[in-house]
Every structure is written in C-alpha cells, then in structure tokens.
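Written below as structure tokens is the structure these notes are about.
Keep in mind it's a predicted model, so treat the numbers as computed, not measured.
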Amino acid sequence: MQQAPDDKPLHGAALWAAVLSARDSLPAKLRAIAAFVAEDPSEFIRMTSREICARLGTSEPTLIRFCRSLGFAGLAEFRIELALALAAQSTGAAVHPQAADRRLANPEAKRRIAAATMELLADDRAVLIDNGSTVELVAESLGQSDDHPAMTIMTSGLMVAQHAMRNGRHRVMLTGGVIRPSTGSLTGRLAESSLAGMNFDTFVMGADSIDPEGGLSTYSEDEAHVTRAMVDASSRVIVLADHTKFRASRLHRICGLSRVAILITDRDPTPEIRAALDAATVRLIVAKAAGIEPKDKA
C-alpha cells in the first residue's frame with residue numbers, strides 16, 4: 001500500500017505519479033484499472049463503479065483493491081482526491097468530485113459531526129447552510145425533528161433544501177443561480193447577489209481544505225465566490241470538516257480561520273492545526289465515535 005510520507009492518503013502530484021507508476025508495477029487486473037485512470041481520469045470519476053467494471057471486464061472487489069493499493073479506503077475517497085488533483089493541475093475542463101462519492105466518504109464521521117451541530121442551532125432563527133455531504137446531514141436532521149424551533153433556512157444546495165423542508169416546519173429559500181450538475185449546488189452572480197443585504201444568525205459551512213496559514217479554501221472559483229458571500233452575510237460561521245479536510249490550501253481562498261467561530265471535526269487535529277485554531281480563537285468540538293461524548297475543546 002502506498003502512502004504519503006505523513007501517513008495520509010496520497011494527493012496532488014504525488015497521487016498522479018502513483019497512478020502512472022501503478023500501470024507497470026501492479027498485477028495485471030489492477031494495471032488495467034490504473035491505465036484507465038491515467039488515460040481518461042474524467043470519465044473514471046463520472047462513471048459508476050458498475051460501469052467501470054463492465055468497461056474493463058473486472059469486479060467491484062478488484063476495483064476497491066486497486067484504490068486500497070494507493071492508500072484509500074475505497075472508490076469514493078480515491079475519486080474525490082483524484083478530482084482535486086486534476087483541478088490543481090488546471091488543465092482542460094474542471095472535474096469536480098461527484099456528490100455521490102462525497103456522500104459515501106466517511107459517512108459515520110459526518111453523522112457524528114452533524115449531530116454535534118444540531119445543539120448549536122437551538123437559538124437561531126435564520127440560518128445559511130452550505131452545499132455538501134456533511135451539511136446535508138444537518139439539513140436532514142432539521143427536516144426530521146419535531147422539537148427544533150422553526151427557522152428560516154437559505155441554502156445553495158438543492159439536496160439541502162429538499163431535506164430541510166421535509167417536515168414543513170421551516171421556511172426554506174434557495175440562493176438562485178446556475179446549477180452545477182456534479183454537486184447539485186447553485187453558483188454564479190445571481191447566487192451572490194441574493195445574499196447582499198441579508199443577515200443570518202449562523203452559516204453552517206462545509207470545507208474542501210483547512211490549512212493553518214491559508215485558512216479555508218476550495219478548488220472551484222465560482223464556489224469560492226458564493227461561499228465567501230455566505231460568510232459575509234452571517235454573524236457566526238460554524239465549519240463542519242472531517243479529518244480528511246485538514247490539508248494544504250486549494251487555489252481559491254474563502255476566508256481565514258479568524259472568521260470561524262466554531263469548528264466541528266471527528267478527530268483531534270495535529271498540534272500545528274490546534275495552535276492555529278487557538279491563535280484565531282476558534283472553538284473546537286471533536287465529535288468522537290459511538291459511545292464517546294463529543295469533546296468540546298473551547
């Protein structure tokens with residue numbers, strides 16, 4: 001199994017180099033998968049696992065074995081990092097991680113993070129919610145709970161809106177804008193202008209990257225613009241990020257750590273990250289595994 005030097009999954013140029021190397025070094029069935037990834041990575045990211053297996057004449061266990069040979073738990077995690085590596089190269093059309101892959105990556109950790117978030121929203125009456133797999137779980141909880149006070153919810157995520165309106169208790173609004181098919185989110189000038197002059201109690205925000213020096217960033221320029229507008233329209237920013245999001249900055253910066261009030265994650269961050277959070281006076285909540293209470297490190 002190949003791993004990055006810091007024992008984290010390979011990413012960026014190192015991941016791409018490992019894929020190219022795998023075409024020659026792995027067993028025959030795995031080499032065929034590596035060759036497909038190298039020759040048409042965009043198609044590999046967009047296709048379902050069944051479609052990939054049918055095209056290559058292989059099996060889903062073999063496909064997972066290939067991903068694990070590169071240090072990933074499964075296909076979803078590998079394809080997310082592959083898409084980010086391609087975005088970093090800035091060659092050709094942008095390839096975004098697929099929403100389905102994001103939902104399959106670290107699902108239990110994300111549910112713990114979402115559960116810890118719910119208690120923090122009890123006094124809010126107007127909330128902005130980002131798009132993404134973790135914040136979708138917060139919206140799902142809001143849409144299922146009969147105990148949570150009714151609130152106004154505005155979002156750029158189509159799935160977030162569907163979840164939040166399920167029980168009919170909340171007033172749900174969309175930012176408007178152009179739909180990005182890969183994520184089911186709204187982007188563009190209309191999304192940004194709809195937030196101008198508005199003031200929400202809290203923005204529940206996802207993250208592509210959290211870096212001690214660079215703060216929060218994303219691979220997508222249009223997403224960065226909309227997320228920045230959501231930060232500006234909110235009195236408080238709560239960031240939800242599982243441990244995989246603590247990594248080097250992406251190309252497009254959203255905001256510094258000083259703009260974040262609370263960060264909820266699933267594992268204790270490194271001393272470097274913790275020191276940066278402390279310096280920015282960010283309240284850290286670590287949502288531990290089942291049977292262990294969330295750890296508030298304020």
- Task: Check the hydrophobic clustering (I, L, V, M, F, W, Y; side-chain heavy atoms under 4.5 Å; chains of links allowed) and say if L82 and L30 are grouped together.
- Result: yes
- Message: I'd like to check the ring-ring contact (aromatic ring centres under 6.0 Å, His included) partners of F36; sequence neighbours left out, ordered by chain and number.
- Response: F44
- Tell me, please, which residues at least two apart from F203 pass ring-ring contact (aromatic ring centres under 6.0 Å, His included). none
- Apply side-chain contact (heavy atoms from CB on, under 4.5 Å) to M205 and M230, showing your working. CA-CA 9 Å; M205 176 181 172; M230 297 175 94; over 6 Å; no
Counting N and O atoms only, with roles assigned by atom type, does the side chain of [X] sit under 3.5 Å from a partner on the main chain of [Y], one being a donor and the other an acceptor?
{"X": "S69", "Y": "F66", "result": "yes"}
{"X": "H243", "Y": "D266", "result": "no"}
{"X": "R228", "Y": "R253", "result": "yes"}
{"X": "T62", "Y": "T58", "result": "no"}
{"X": "K245", "Y": "D208", "result": "no"}
{"X": "E51", "Y": "T48", "result": "yes"}

- SB check E223 R180 (cutoff 4.0 Å): yes
Which residues satisfy the side chain to side chain donor-acceptor pair (under 3.5 Å) test with [X], sequence neighbours excluded?
{"X": "D147", "result": "none"}
{"X": "S145", "result": "none"}
{"X": "T281", "result": "none"}
{"X": "T152", "result": "none"}

- Message: The criterion is side-chain contact (heavy atoms from CB on, under 4.5 Å); which residues satisfy it with S209, sequence neighbours excluded?
- Response: S217, R247, R250
- Quick one: hydrophobic cluster around L186, which other residues, with the 4.5 Å side-chain cut-off, linked directly or via members? L158, L174, I179
- Note on the structure: Applied to residues 23-33, the salt bridge (charged side-chain N to carboxylate O under 4.0 Å, His left out) test, sequence neighbours excluded, yields none
- Residue pairs fulfilling salt bridge (charged side-chain N to carboxylate O under 4.0 Å, His left out) with at least one residue in residues 121-145, sequence neighbours excluded: R103-E136, R111-E140, D124-R236
- Can you tell me which residue pairs pass the ring-ring contact (aromatic ring centres under 6.0 Å, His included) test with a partner in residues 132-153, sequence neighbours excluded? none
- Message: Does any part of the side chain of M154, heavy atoms only, come nearer than 4.5 Å to the side chain of T175, both counted from C-beta?
- Response: yes
- Message: In the structure I gave you, are the side-chain heavy atoms of L128 and T202 within less than 4.5 Å of one another anywhere?
- Response: no
- If you look only at pairs with a residue in residues 186-195, which of them pass as a side chain to side chain donor-acceptor pair (under 3.5 Å), with sequence neighbours excluded? T187-D222
- Query: Pick from R112, R267, E108, K110: which one makes a side chain to side chain contact (heavy atoms under 4.5 Å, CB included) with D242?
  - Reply: K110
- Query: Between N131 and V160, what is the shortest heavy-atom contact and its length?
  - Reply: CA-CG2, 4.4 Å
- Non-hydrogen atoms of A287 and A116 that approach each other most closely: CB-CB, 4.3 Å
